[in-house]
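All remarks here apply to the structure that follows.
Below, each value reflects all heavy atoms present in this structure, side chains not excepted, and no hydrogens, waters or symmetry copies. We name chains A, B, ... by the order of the sequence lines, and we start the count at 1 in each one.
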Amino acid sequence: MARTEAWTKKTVSKDDWEKKLAAVKIYKEDMNKLVMNFLVTEGYVDAAEVFHKESNTKPGVDLAAITDRMEIRKAVQSGDIQQAIERVNDLNPEILEQQHELSFHMQQQRLIELIRQGRTEEALEHAQEYLAPPGEEDPAFLEELERTVTLLAFEDASQSPLAGLMDVTQRQKTASELNAAILSSQCQEKEPRLPTLLKLLVWAQNQLDTRCTYPRINDLAAPTLTDPMQT
Amino acid sequence: MVAKQQEVVDRLRSPDCFTRLKAVREIKNQIIGNKNRKLSYIKLEAVPRVVELLQENADAFLLVQSAATVGSFAYGLEDGFRAVVASGGVQHLLHAVSSQDDTVVEAALRALKLVWQSSGATPPHQLDGLNLERLISLLSASSTRTSEVATQVLAQYCQCANMEVLARLAQEPNVASALMQLLLSQNGGQEAAVTALALLTSSSVSMAAQCTVHPHWQHSLLSLLKHSKPAGRLAACVCLRNICLTPDIQDKIGATTVETLHRAMLPVLLKLLHMPNVLDTAPQVLTDLLQQSPAMQKAANDSDAVSSLTTLLHHEQTWHNRPRFKDGVLRALAILCKNHGDARMNFMERASIGQVARALDDADLQVRAAACACIQSLSGSMKCLRHIPMAELMPPMLRLLLQTEPELQHSALKALSNLVLDTASAKDSVAQSAGLPAMVQMVGTPDDERRCSAMWALANLIHGASPAVCDAVMAALPWSQFLPLLQDDNSCVQDKSFMFMRNLAAGRSAAECVKQWSHGSAVPALVARMQKAAKRTGMP
């Protein structure tokens, strides 16, 4: 005889769910550390200082270093690559010395900014001095160099097939790469922990959805529990 | 371009401090990450001029920029490194480390780190006296950045230093305590501290013992087994291994705790073996762990370590040009298979014997010896012996037996001893080759262990052998050479000699051959020997 039982998902009521949640102990110190971690990693120096005073949670990092990092990031985002290079070399000369790919991308961004400003001769000189030598050693760098120099072939590079290089998102990409390298050199995580916890929550809910009906959190920003009894 | 650069170099000697500062900063920002620019400035003799700036009682800004520039010149470029050393750059950096200004100290330390990363196998200058004292004191600096960089410099120095230098460094007071304290930090100093400790405890037993004085040493090192970087986790394993090898450790912390530490290390080491770029020390640490403890061998087998290790053998890219890595993997397999039948069968099922056979011809001597140890372990059971492809193994084994390196010869002998026990083809291979005279020659060696192994191998060779093999053995080992072995000072040699005679004499026709071989002296010699033994034990 074939088995034809219909499988139904278990349903957990909101009351039961809330009782289970209430039984889980979360310490205030841990929450404070998460908040501080977010503020510090994202570079909110003033907020971190105030939070430190109010909650007595240690930042765990030198707040002056965060200011430096934010200034460097702003310099890249505003297209002042030379300033960014000088500041990061003052902060820690090992970063650009030892990370060839990052160093190349910084010089590449500098080239893009020179092209954007119409300083063609300087751009060519810069490409020859700073980008051609690593391009000779690494085919991947050579390909990137060739793409970037091709911008010079267009009257309006922002309308060319390589317009993406001229877009602010390219600056953002370089800024993020540099920011991550600075965080790594300071033995900090590249991302705050809070997004990871939220991702875990979403993943866990997706897994649970296949097994039972329960009070979901549908809006992470306003985390109220839905009632599974109400459709 | 060259003219522009020359102009910048000329400004390094300007009477105006601010001009000199601007010039050195320009050079620094041009050369960082740029070999071509470094070379250009080296040709313009910028290096000695920048080093001169370090000698001045200059303001902190100038010293910081000069130190960073010197470090950058030395990094990644042999010409730059030589120019810095020739100009006395290292001495001036060491002097700058004693500055009262934290920013100058940090810059000088970073520069030293870059210099020593470029120096290859040995540091250009050995740290001693005040310099060493100063560096050690900076491990506990109030500025976390300074302490972190100082620890990284020390770790870099340790990585360049030879064992003698490490052993001397390990004697310095406060090094162990400062480094142990840094294990609790959450910054880059933590990884550098455990790296330095791994190197120092490997060179000095007393250093390893000193680590156990720190109140939280177990907690610190066990936490580091979960470090985000594989190098950090491996360094923690090395430290724990070294501590567990110190004398009286079991009395100090108890056998149960030692086992707990071993059990914590085992899964970490097994995972590390498969990490790309993991250091060659990983399999060696695993081997040491397994050697120390049958319980760990069982735990490793339960964790399917044999499968994990044989997977590595099958992937040439993991051990290509890494003889120490391969040596460690083979030795770990040898230990796991030695006393564990399941491990042996698992190994054979994974068809890995071919890799071990090829390792018998490896260019590296230690790898060849490790492969022999592996064969010896695998052939330790009759069940496994029958599955071993003799045609593939015998030729390289016999080649190893004929090599001049005594340790390697001995490893080969022990493995062959098992191989020839039960296989006619293996016996024939030995009897018909130069392997037999080599074995007979080893019977005459003054080394007791080797003499015993040689006699054992001959006894196994002759066991159940064909008349042709017996004849060959008797021809190679005349009675006159054999007789003294029955009365050898070493009881193992005697024991194996009797075993040889017993195996040789098995069967009526064989007994007749023995009588001929010994010119009728075999039985009287045996009787005399038995009487002597009886007298000693007081038996009739």
Side-chain angles (χ1 to χ4, degrees), chain A residues 33 37 40 58-65 68 81-108 110 121-122 124-138 141 178 181-190, chain B residues 1-2 4-5 22 25-40 61 64-65 67-77 80 102-103 106-107 109-114 117-118 143-146 148-149 151-153 156 185-192 227-229 232:
Chain A
K33 280 180 192 169
N37 170 264
V40 154
K58 288 189 188 145
V61 294
D62 177 10
L63 290 179
D68 289 335
I81 308 303
Q82 185 57 29
Q83 172 78 231
I85 289 174
E86 287 175 12
R87 281 182 173 263
V88 76
N89 285 341
D90 284 338
L91 180 67
N92 184 347
E94 294 173 71
I95 294 175
L96 291 180
E97 188 72 77
Q98 293 175 331
Q99 297 190 49
H100 301 144
E101 200 173 335
L102 173 62
S103 181
F104 180 87
H105 287 155
M106 290 296 286
Q107 298 299 348
Q108 182 190 24
R110 203 162 150 208
E121 249 188 72
E122 272 181 73
L124 284 169
E125 216 177 274
H126 178 79
Q128 197 174 14
E129 276 295 316
Y130 289 95
L131 292 162
E136 278 171 18
E137 288 178 8
D138 189 328
F141 288 163
L178 183 56
I182 298 172
L183 283 166
S184 179
S185 77
Q186 294 167 345
C187 291
Q188 291 184 66
E189 289 150 4
K190 293 178 192 176
Chain B
M1 182 56 61
V2 175
K4 260 168 124 177
Q5 290 172 4
K22 241 185 110 184
R25 196 161 178 261
E26 257 182 73
I27 293 175
K28 182 195 85 174
N29 287 321
Q30 285 181 35
I31 66 172
I32 283 181
N34 191 321
K35 269 189 207 165
N36 278 22
R37 282 288 164 119
K38 287 184 196 183
L39 274 168
S40 297
F61 292 115
V64 165
Q65 296 298 325
T69 310
V70 166
S72 180
F73 268 124
Y75 183 78
L77 194 67
D102 278 349
T103 59
E106 185 186 328
L109 286 172
R110 286 197 191 280
L112 277 170
K113 198 164 62 140
L114 288 174
Q117 276 172 359
S118 307
S143 156
T144 27
R145 271 172 67 142
T146 305
E148 180 184 328
V149 185
T151 316
Q152 289 168 345
V153 169
Q156 186 58 51
S185 69
Q186 293 298 316
N187 56 32
Q190 188 190 50
E191 189 189 341
H227 194 273
S228 56
K229 291 187 188 165

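Every residue two or more places apart in sequence or in another chain was checked for a ring pair (Phe, Tyr, Trp, His ring centres under 6.0 Å) with B:Tyr75, and none qualifies. Partners of B:Lys229 according to the salt bridge (charged side-chain N to carboxylate O under 4.0 Å, His left out) rule, which considers only residues two or more places apart in sequence or in another chain, are B:Glu191.
In terms of heavy atoms, B:Arg110 sits closest to A:Pro93 at CD-CD, 4.0 Å. A:Ile85 approaches B:Asn29 most closely through the heavy-atom pair O-OD1, 4.2 Å.
Contact annotation: the side chain of B:Asn34 never approaches that of A:Glu129 to less than 4.5 Å [non-hydrogen atoms, C-beta and beyond].
If you measure heavy-atom distances from B:Gln190 to chain A, you find no contacts under 4.5 Å at all. When heavy atoms are compared at a cutoff of 4.5 Å, A:Tyr130 approaches chain B by way of both its backbone and its side chain.
In this structure, CZ on B:Arg25 lies 8.5 Å from CG on A:Asn89, to the nearest 0.5 angstrom. A:Glu97 contributes atom CD, which lies 7.0 Å from atom CD1 of B:Ile31 (distance to the nearest 0.5 angstrom). Atoms CD1 and CE, from B:Ile32 and A:Met106 in turn, are 11.5 Å apart once rounded to the nearest 0.5 Å.
With chain B as the partner, the residue from A:Gln82, A:Gln186, A:Glu94, A:Glu125 showing the most heavy-atom pairs under 4.5 Å is A:Glu94.
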